Amino acid sequence: KHSPTWPPQMVVFERLCAALCVLHVFLLPGPCEGLTIQRGPHSGSTATSAVGPLGQHNNLGDVYRPLSIGEVAFGVLTCSKFHSTRLVALKETWLQNAEHIVAFTDQDPTGAERQRLRGIDFFVEPRKPDAQEMLASSSGAWRAVSMVQVLHDRFPRARWYFFVDDDTYIYTPTLLTHVLGTRDAASAHYVGWAYHVGPTLHGLLPGEWRPRVAIGGAGFGISAGLMASLAPQVPRCRTSYSWDWPGDFRIAQCIADLGYEVEDDPHLNAEDPDLALPPKMLVDGAFPPVSFHHLNQRQVYRLFKAEVVHSDDGRRIADFSRFALSEVSWHEPGLGLDFKVRFGFDVTVSTAISLGAPNSNKTTSNASSVGAATVHVDELQSFRASPGGHAFQQEFRGGSCHADHSQPLSVRIDLHCNNPFSGPHRLLSACGVQATGKCGYSWVLSTEFCPSFEPVAHDASTAF
């Protein structure tokens, strides 16, 4: 109720505002307005999305200038066993646009390996591990501290230094905008997926304080401001912490000696998508994901295929890292089915048991083609742009079609761009599903804007 002391003109103004709000709600087009959607025989379909507010390029406003890929030096911990497998997979995917890369390994690569890994510098640690370090030598722990000094010495003008394992995938655009770019590189920052080490490490008394560690597999960043103080401490840390500690713990302890601790960032993940994401679905700031760990080469190529769309001439790319694994769900009563997509990763099709599945003697032919429970469609066949770049299409295949066990189920995702009514807090909106045969479905999604095609080129002005 309005205050009785308000003048009459304010009361009129208040009621006018309320009327405008009502008109806004009823007249604003929905997220699928203007799209041609062929629905099932019922129109009561519902959609839900697990995506929160869109991330900003820099949550500190315009205090710091945008970060470019050419201002980040990458250190990759590997070994000769994985030069031609894991390391090649990284170079052919997310590392292909990085400009400053050093691989820390145990042996020089062969000539053939260097040819496939052009653009990557190699550093072979000349020092062999001490006897007490041998337990950890196979994991490269004894080389970890050297990575810090070498990367700083080779690229002293970098704004950030980022360290990863050779079985890690990084979405570099969102690494720049959502993790590193939100912090002042000139200040001291140690950023990663923080965890507590176990209680049985050598050199520590029971109950003695120990720092949280940014696990190397998830990737961790050290700002130029911190690196300036950290690099000169490497010789001391190498001597002082020569036990069989994990390599990332040695670095964390060395940083703790300077009075700094890790800044936990939920965008970084220490496991693969199926293990890392379910616990994070309700964690604020966990999306878009920036890294995944413990991946084989097939998984690395799979994530890259879902991130990057190439133009027909191959000279430009549209990067969908901001959309990576964003979830949206849709219930289609006309088919008696629930659909859920993790964008670019997989689609789940299930009978709508929780929402009132059709009676067994009234089940539609389309519903029966999926089977009694759930089909997981997890092979992304293609990801391409439509002519004009105003829509994109993903083709998924996988699982087994109930109507024909010899055939997989297929789901086509049609993403329509430039829809300003998708909503300020929803990256993707679901618009409808139709059957395209006994073993196929077409699902329309919309978004406010899709990434534009950009030239594949390095920014020479950022070289250092």
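These numbers were taken from a predicted model, which means no experiment stands behind them.
R384 has its side chain within reach of E395: a pair of non-hydrogen atoms, C-beta onward, lies under 4.5 Å apart. Looking only at side-chain heavy atoms (C-beta outward), R322 and L427 come within less than 4.5 Å of each other. Between V349 and V411 the shortest side-chain heavy-atom distance falls below 4.5 Å. Residues L428 and L415 form a side-chain contact, since some pair of their non-hydrogen atoms from C-beta on lies under 4.5 Å apart. Proximity of F287 to T174: side-chain heavy atoms (C-beta onward) are nowhere separated by under 4.5 Å. Taking 4.5 Å as the limit, every side-chain heavy atom of L87 sits out of range of all side-chain heavy atoms of F82. Taking 4.5 Å as the limit, every side-chain heavy atom of Y441 sits out of range of all side-chain heavy atoms of V347. Side chains of L295 and P273 form a contact here, defined as non-hydrogen atoms less than 4.5 Å apart.
Between D272 and R302 there is no salt bridge, since no side-chain N of the basic residue sits under 4.0 Å from a carboxylate O of the acidic one.
The two residues K305 and F383 make their nearest non-hydrogen contact at O-CD2, 3.7 Å. Contact between D165 and L90 at its shortest, heavy atoms only, is O-CD1, 4.1 Å. Here the closest non-hydrogen pair linking L151 and A73 is CD2-O, 3.7 Å. In terms of heavy-atom proximity, G75 sits nearest to F104 at CA-CE1, 3.9 Å. The shortest non-hydrogen separation linking A306 to F320 is O-CB, 4.2 Å. Here the shortest heavy-atom pairing between G221 and L180 reads CA-CD2, 4.5 Å.
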(request) Quick one: do E454 and D319 satisfy side-chain contact (heavy atoms from CB on, under 4.5 Å)? Show the steps, please. (result) CA-CA 9 Å; E454 303 290 345; D319 191 285; over 6 Å; no
(message) Quick one, R212 with D264, criterion side-chain contact (heavy atoms from CB on, under 4.5 Å). Give me CA distance, side-chain angles, the key distance, then yes/no.
(response) CA-CA 9 Å; R212 289 194 306 165; D264 189 24; 4.3 Å; yes
(request) Report the C-alpha distance between Q407 and K438 in whole Å, list the side-chain angles of each, state the deciding distance to 0.1 Å, and finish with yes or no for side-chain contact (heavy atoms from CB on, under 4.5 Å). (result) CA-CA 10 Å; Q407 297 296 321; K438 64 180 181 180; 5.9 Å; no
(request) Starting from the C-alpha separation in whole Å, work towards a yes-or-no answer on side-chain contact (heavy atoms from CB on, under 4.5 Å) for F220 and V213. (result) CA-CA 10 Å; F220 64 88; V213 178; over 6 Å; no
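H293 and D167 share a donor-acceptor pair across their side chains, judged by distance under 3.5 Å alone.
Checked against side chain to side chain contact (heavy atoms under 4.5 Å, CB included), D312 has no partners two or more places apart in sequence or in another chain. For Y161, the ring pair (Phe, Tyr, Trp, His ring centres under 6.0 Å) test picks out no residue, with sequence neighbours left out. In this structure, the side chain to side chain contact (heavy atoms under 4.5 Å, CB included) partners of A218, at least two apart in sequence or on a different chain, are W193, I215, L268, A270, S291. Among residues two or more places apart in sequence or in another chain, the side chain to side chain contact (heavy atoms under 4.5 Å, CB included) test is passed with A224 by none.
Between F292 and Y171, the two ring planes are perpendicular [angle over 60°; tilted spans 30° to 60°]. Note: H100 and F155 have tilted aromatic rings, judged against thresholds of 30 and 60 degrees for the angle between ring planes.
Going from atom CD1 of I255 over to atom CE of M227 covers 8.0 Å, rounded to the nearest 0.5 Å. Interatomic distance, CZ of F345 versus CD of Q394, reported as 12.5 Å (0.5 Å rounding).
With S321 contributing its side chain and E307 its backbone, the two residues share no donor-acceptor pair below 3.5 Å. Side-chain atoms of D248 come within 3.5 Å of backbone atoms of G216 as a donor-acceptor pair (strictly under, hydrogens ignored). Side-chain atoms of W330 never come within 3.5 Å of backbone atoms of L445 as a donor-acceptor pair (strictly under, hydrogens ignored).
Applying side-chain contact (heavy atoms from CB on, under 4.5 Å) to W160 and the options L226, V179, V72, I222 leaves one that passes, V72. Paired with W94 under the rule side-chain contact (heavy atoms from CB on, under 4.5 Å), one option of V164, L175, V308, L303 passes, and it is V164.
Legend: salt bridge (Lys or Arg N to Asp or Glu O under 4.0 Å) pairs involving residues 405-419, not counting sequence neighbours, sorted by first then second residue: R412-D414. For residues 81-92, the side chain to side chain donor-acceptor pair (under 3.5 Å) pairs, not counting sequence neighbours, are H83-T105, H83-E113, R86-D166, E92-Y301.
For Y190 and Y260, the distance between ring centers is not under 6.0 angstrom.
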